[in-house]
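Have a look at the structure below before the remarks.
Any value given below was found using the heavy atoms of this structure, including those in side chains, with hydrogens, waters and symmetry copies removed. Every chain is numbered from 1 and lettered A, B, ... according to where its sequence line falls, protein lines coming before strand lines.
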Protein chains: 2
Amino acid sequence: MADPAPVDLASLRRSCGHCSLRQLCLPAGIGAEDLARLDSLVRRRRPLKRDERLFHIGDASSSVYVARNGAFKTVSLSEGGDERVIGFHLPGELIGLDALVGGDHRCEAVALDGSDVCEVPFDELTDVAAQLPGLQRQLMRVIGQSILLDQEHVEMLSRRHANERIALFLHGLAERLQHIGQSPRQFRLAMSREDIASYLGLAIETVSRGFTRLQDDGVIAVAGRQVEVLDPAELARLAHGGEPQQPQPEQRRRA
Amino acid sequence: MADPAPVDLASLRRSCGHCSLRQLCLPAGIGAEDLARLDSLVRRRRPLKRDERLFHIGDASSSVYVARNGAFKTVSLSEGGDERVIGFHLPGELIGLDALVGGDHRCEAVALDGSDVCEVPFDELTDVAAQLPGLQRQLMRVIGQSILLDQEHVEMLSRRHANERIALFLHGLAERLQHIGQSPRQFRLAMSREDIASYLGLAIETVSRGFTRLQDDGVIAVAGRQVEVLDPAELARLAHGGEPQQPQPEQRRRA
DNA sequence: CGCGTCATTGAGGCTGCTCAAGCTATGTGG
DNA sequence: CCACATAGCTTGAGCAGCCTCAATGACGCG
């Protein structure tokens, strides 16, 4: 699938000022001087391949990360050694805030696709932010956004019915995709059904059946990881706790 | 009921330096000068009674709050107008970080007991923190702790079995109580069964049955809201996904 | 082309939700 | 001081939604 927003390769290599994600990382109030200071902090990491770890549990590096492209999942490992997905991260969304407390990561960040990542040492960031009020406020906003994503996850897991969780997941994902300039109607899931199931606290089969059900009801068209939202309003209604309605017996819609 | 930790009333009225929660709010690295600056920011609110709101959804005040005593719950209101408990806050734990993004609160904070609360305007706090590196780092630590609490909530909700969620809830609560200097073995729940059920995504009856089950198994003794942990090790084991008593051949997958 | 991974679909059992009835503690008025 | 009322918690019975187990189908890769 072609990238809808081709990026200037030269600018990819350097400078937050030219980064395609600038509006995401630094929405407003960042002057030229601030940018230069910020640039000096940011480290580019070598591109990660699929399934590679950005960091592991216990890693001491107290940095935060932002993916420029590709997607990540963060997973926590429970006693049995089995992974539990606690978050998905699209380009421009912060990764690694969990190390903010003890300085060591409580979860692992796994690339779901090939990815280019920026790393920002947190201590240096806060030091510089302390001298640049604009950056300071922006930092707080980004942290707040991260907190909000956590709360949306809680919101999902609080739903009693599997279909509500799934609808809310798709709805939220579409919103986030739109926010980074991609189509909220047609997209390819970067994560497996197993990842989704873990994230939603469901069995993988239940997720599969939920997708099928949404398709039968004419809300989405799904083929593997390719998803098309046919009825955004209905999807939003389901996500917010509405009962599935069938005034139009329009089952059996296929792509 | 007698307060187990009597507090000097004079110090309650003023000064973070003399606050009984100082070690919680400001664990380390805060000098005398920093304290004075911080003090100047903190506003004391009139004491809240049970069921009173600290703030409502949509409130514009961009402040964070810390309870000195008493406990709070934060709830989000879904479409139907029914509350959903998204967090419990013990003395010393931050409340109101959700307003960090848009400047308006996404949830309500409700007092579970009579409470004295400190309010800190967030913009002023970050401004002062920018000039005091010690305070800046401490602020990040406290925010990180708040994020960790959210992730523990996710951890609870991810558990498939009701009894695991309940054990994890009690275990986590005991840890937090110990952290603020109260007994992790004997305590009184500030929240109702309904609050717990909402927080854990369960029916109220399931919570009640879960408590009874833990009591029958000799793990806790429970009478209404009074709880005594009889077997902390077993509670921890259950909280971490252990089966009650079934010796089961564990599959260990090694890398 | 065969293999492995991932996704879908089916059948059956069990956990947890719903509905409903007691129980206990606290408070209120006679 | 006791009868009553109310709210919160516990307990029981029955049903349904989800998980488990199992088999098949679809795809990508060597």
Could you state the atom-to-atom distance from [atom1] of [X] to [atom2] of [N] in whole Å?
X      : N      : atom1 : atom2 : answer
A:D51  : D:dC29 : CG    : C1'   : 15 Å
B:D216 : D:dT10 : CG    : P     : 12 Å
B:N163 : C:dC14 : CG    : P     : 16 Å
B:Q215 : D:dC9  : CD    : P     : 15 Å
B:I196 : D:dG8  : CD1   : P     : 13 Å
B:L202 : D:dG17 : CG    : C1'   : 15 Å
B:M191 : D:dG8  : CE    : C1'   : 15 Å
B:R188 : C:dA25 : CZ    : P     : 14 Å

Phosphate OP1/OP2 of [N] contacted by [X] side-chain N/O (<4.0 Å):
X      : N      : answer
A:T212 : C:dT9  : yes
B:R225 : D:dC9  : yes
A:S208 : C:dT8  : yes
B:R209 : D:dT11 : no
B:R160 : D:dT20 : yes

Touch class at under 4.0 angstrom, heavy-atom based, for B:G210 against every strand present: nothing
Touch class at under 4.0 angstrom, heavy-atom based, for B:I204 against every strand present: nothing
Can you tell me if [atom1] on [X] sees more than 12 non-hydrogen neighbours from other groups inside 6.0 Å?
X      : atom1 : result
B:E194 : CD    : no
A:R45  : CZ    : yes
B:Q226 : CD    : yes

Donor/acceptor link under 3.5 angstrom from B:E194 side chain onto base of D:dC9: no
A:R160 side chain vs B:L202 backbone, donor-acceptor pair below 3.5 Å: yes
Donor-acceptor under 3.5 Å (A:R159 side chain, A:E164 main chain): no
Closest listed nucleotide, where the reference is the side chain of B:R193 and the choices are C:dC17, D:dC9, D:dC19: D:dC9
Nearest to side-chain heavy atoms of B:E205, which nucleotide of D:dG12, D:dA22, C:dC17: D:dG12
Closest-nucleotide ordering on DNA chain D, the 5'-leading residue of B:A223 and A:R165: B:A223
Nearest-nucleotide comparison on DNA chain C, the residue closer to the 5′ end among A:H161 and A:G224: A:G224
